[in-house]
Amino acid sequence: MSFASVDPTPIWITLQLAAWTTGLLFMVGTPIAWWLARTESRARPLVEAVTALPLVLPPTVLGFYLLILMSPEAPLGRLWLSATGDTLTFSFSGLVVASMIYSLPFMVQPLAAAFEGVGRGPIEAAASLGASPFDAFLRVAVPLSRRSFLTAGVLTFSHTLGEFGVVLMVGGNIPGATRVLSIAIYDHVETLRYAEAHALAAGLLVFSFAVLVLVYAFDRRARVRVG
């Protein structure tokens, strides 16, 4: 195993993709989780199923339909092309959109569970003291759910690092643009460059294991403090 011969570009692209996906999913997933935790709408099971679908759907199937949805012939892809002059497919922007959809349950489910745990009592108490719904959310629900925000962020970031099927279908394998870490590992194996593949895979394995250890350690310490 040799780290010196490894091209760092896929690692840098993967870290950027994970950072963009996690940051944008905080903005998109938080209101969805809040709505799921508090709504009594009959549409809730449908929305829950849609957000959880990437957990059970094969990545290649999800990637295939995203590829069709983002193509310049589809409304979304045509709109993006007319607005930016670039295509969503086989671009870094398309990878970000696809990764957000693929990692959505890893952001929404921990946050929805945390918001349900907060309950209605603290929110109603804040409202009785004159807080607006948005203030009650920021000053009561978010602080009480900070542990789940950290967990959701770490899980989303880590999950994005290991994507393969979706990124391959939507982004392809363009060096310096869409070749992420998992694609680079597959590329090295296909060309029998096992030393480079081993170096990248071992790095990803160690990083993922370390992240999980930190998450469980933090969760245990938080539980001890609460207890």
Side-chain angles (χ1 to χ4, degrees), residues 14 17-81 83-84 87-120 123 133-134 137-138 141-142 145 147-172 178 180 182 215:
T14 304
L17 176 63
W20 273 103
T21 300
T22 304
L24 292 173
L25 270 183
F26 269 125
M27 292 187 281
V28 173
T30 300
I32 295 175
W34 181 248
W35 183 83
L36 287 174
R38 295 179 62 82
T39 186
E40 296 179 357
S41 169
R42 293 181 179 180
R44 174 176 171 169
L46 178 63
V47 177
E48 285 180 317
V50 169
T51 57
L53 195 58
L55 290 175
V56 297
L57 201 61
T60 49
V61 174
L62 180 61
F64 172 71
Y65 285 114
L66 288 176
L67 180 64
I68 293 177
L69 183 67
M70 295 178 184
S71 70
E73 290 76 25
L76 176 61
R78 190 162 53 246
L79 179 64
W80 182 270
L81 181 61
T84 66
T87 60
L88 264 179
T89 51
F90 307 109
S91 69
F92 185 79
S93 300
L95 282 187
V96 173
V97 175
S99 296
M100 287 177 63
I101 295 172
Y102 187 50
S103 297
L104 184 62
F106 292 87
M107 178 64 70
V108 170
Q109 293 191 354
L111 293 182
F115 292 151
E116 285 184 355
V118 170
R120 295 182 179 276
I123 303 300
F134 187 65
F137 172 76
L138 284 183
V142 170
S145 306
R147 191 177 70 191
S148 294
F149 272 98
L150 177 62
T151 301
V154 171
L155 289 178
T156 301
F157 188 91
S158 303
H159 181 253
T160 306
L161 291 181
E163 287 183 33
F164 179 77
V166 171
V167 296
L168 182 62
M169 295 292 279
V170 175
T178 63
V180 296
S182 58
V215 168

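No hydrogens, no waters, no symmetry mates; every other heavy atom, side chains included, goes into these values. The residues of the chain are indexed from 1 along the displayed sequence. As the structure is a prediction and not an experimental result, all values here were calculated from the model.
You'll find the side chain of Met100 stays beyond 4.5 Å of the side chain of Leu104, heavy atoms only. Phe149 is listed as a side-chain neighbour of Ser145, based on a closest heavy-atom distance under 4.5 Å. Counting only heavy atoms from C-beta outward, the side chains of His159 and Ser103 approach each other to under 4.5 Å. Counting heavy atoms from C-beta outward, Ser99 and Val167 have side chains that approach closer than 4.5 Å. Here the side chains of Phe106 and Leu55 are in contact, with some heavy-atom distance below 4.5 Å. With contacts defined as side-chain heavy-atom distances shorter than 4.5 Å, the pair Pro59/Phe164 does not qualify.
Arg38 approaches Gly119 most closely through the heavy-atom pair NH1-O, 4.4 Å. Of all the heavy atoms in Thr87 and Thr89, the pair that sits closest is OG1-O, 2.9 Å. Heavy-atom minimum distance, Phe26 versus Gly153: CZ-CA, 3.6 Å. Scanning all heavy atoms of the two residues, the minimum distance from Phe90 to Met169 falls at CE2-O, 4.2 Å. The minimum heavy-atom distance between Thr21 and Leu17, with the atom names listed, is OG1-O, 2.7 Å. Nearest heavy-atom pair across Ser41 and Pro45 is O-CD, 4.3 Å.
Using modelled atom types, no side-chain atom of Thr22 and backbone atom of Ala19 make a donor-acceptor pair closer than 3.5 Å. Between the side chain of Thr160 and the backbone N or O of Ala18 there is no donor-acceptor pair closer than 3.5 Å. In this structure, the side chain of Ser91 engages the main chain of Leu88 through a donor-acceptor pair within 3.5 Å.
Separating the OG1 atom in Thr30 from the CE atom in Met107 is a distance of 6.5 Å, to the nearest 0.5 Å. The CG atom of Leu161 sits 7.0 Å away from atom OG1 of Thr14, with the distance rounded to the nearest 0.5 Å. With rounding to the nearest 0.5 Å, the separation of CD1 in Ile101 from CG in Leu25 is 9.5 Å. Once rounded to the nearest 0.5 Å, the distance linking CE of Met70 with OG of Ser93 reads 10.0 Å.
Side-chain contact, Ser182 with Glu163: no donor N or O sits under 3.5 Å from an acceptor N or O.
Tested against Phe64 for a side-chain contact (heavy atoms from CB on, under 4.5 Å), the candidates Leu62, Leu66, Ile68 yield a single pass: Ile68.
In this structure Phe157 satisfies the ring pair (Phe, Tyr, Trp, His ring centres under 6.0 Å) test with no other residue, sequence neighbours excluded. For Trp80, there are no ring pair (Phe, Tyr, Trp, His ring centres under 6.0 Å) partners, not counting sequence neighbours.
Other residues, nucleotides and ligands contribute only 12 or fewer heavy atoms inside 6.0 Å of the CH2 atom of Trp20.
The list of side-chain hydrogen bond (donor to acceptor under 3.5 Å, both in side chains) pairs with a residue in residues 45-65, not counting sequence neighbours, reads Arg44-Glu48.
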Evaluation steps, ring pair (Phe, Tyr, Trp, His ring centres under 6.0 Å), between Phe137 and Phe115
CA-CA 10 Å; Phe137 172 76; Phe115 292 151; 5.8 Å; yes
